[in-house]
Amino acid sequence: MEPKITPLRDDTSFSFACSPALSCFNACCRDLNQALAPYDILRLKNALRLSSGDFLETFTIRRIGPETGLPVISLNFDRQTDRICPFVTPAGCRVYRDRPASCRLYPLARGTSRNRASGRIIEHFALIREPHCRGFNHDTAQTARAWMRDQGLEPYNRYNDMFLELISLKNRRGRGRLKPERERLFYMALYDIDSFRELVSQESFGKHPPVDPADLPILEPDLISDEIALFALAHAWVKKTVFDEPLTLDPPPSHETTR
Ligand code: SF4
Ligand code: SF4
């Protein structure tokens, strides 16, 4: 049976609670097609103590999105066994503290658009009711806002919105694929942060394309060890190198919600 998807305001109440005691425990961790955003990968590779390159090679598949023409990275599910997530165990998710944003959000979906007048990002929510999910039988009252807070989604939303800025930049340029070298740089900087760190460590970094250190005060030795600063730089660098936009470190986007 198809899931029932209902638009939801961020303050509308719904009944839901998830627990290992439910008969559906782990049922939502199979039969998935799960795309991973760059911040999902950063969290997962650290949780598993892998380099980003090893994580990508072991746990993901890569294809080109038909709409965007950009690389799309998905978890490589075991097709022999009902497309089970590689991280699910009988006791639950083995990367629970660092699980991807879509796992945290479920049973919600979150989309964004931009208010052209204010430049702020507008959040939209929907509730996904799947027949196998028993969480809706629980009478615990939730709202989208409270659910996101409880599930630790704040940094995920912040960095995913930063990434979506790049996607919309590409969408404004047209549907086709990037030139192969630009596609490689987009993938490496955003998804393979440890390779990007190696690039930043090279003396030639900042010369091609030229980076004015005054514009980028974080181009300092600390950057190599501050992974989140490096991650923000990767987004700014992709803006310049792949999309020929000025290299500036934008503050994280601010939000408003649909009412
Ligand atoms: S209640 Fe829903 S989210 Fe929780 S384990 Fe069951 S199927 Fe998954
Ligand atoms: S990452 Fe964890 S929560 Fe998400 S599908 Fe896999 S096992 Fe389930």
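Counting starts at 1 for both ligands and their atoms, following the listed order. On a predicted model such as this, the values are computed, not experimentally measured, just so you know.
Between the side chain of W147 and the main chain of R104, a donor-acceptor pair closer than 3.5 Å is present. Under the 3.5 Å distance criterion, the side-chain polar atoms of D40 are matched with a main-chain donor or acceptor of A37. Counting only distance, with no hydrogens or angles, the side chain of S52 and the backbone of I193 share a donor-acceptor pair below 3.5 Å. Without hydrogens or angle criteria, S168 side chain to E165 main chain gives a donor-acceptor distance under 3.5 Å.
A salt bridge is defined here as a Lys NZ or Arg NE, NH1 or NH2 lying under 4.0 Å from an Asp or Glu carboxylate O, and K240 with E245 fails to meet this definition.
Under the salt bridge (charged side-chain N to carboxylate O under 4.0 Å, His left out) criterion, R177 pairs with E183, not counting sequence neighbours. Applying the salt bridge (charged side-chain N to carboxylate O under 4.0 Å, His left out) test to D98 and every residue at least two apart in sequence or in another chain returns R43.
Around atom 6 (Fe) of ligand 2, the protein N, O or S atoms found under 2.8 Å comprise C85 SG. Within the sub-2.8 Å shell of atom 4 (Fe) of ligand 1, the protein contributes these N/O/S atoms: C18 SG.
Residue N26 approaches ligand 1 through these ligand atoms, each under 4.0 Å from one of its heavy atoms: 5 (S).
Taking the ring axis of Y187 as reference, the NZ or CZ atom of R62 stays within 45° of it and closer than 6.0 Å to the ring centre.
The side-chain contact (heavy atoms from CB on, under 4.5 Å) test with T112 is passed by exactly one of N157, N160, D161: D161.
The shortest non-hydrogen separation linking A101 to L153 is O-CD2, 3.8 Å.
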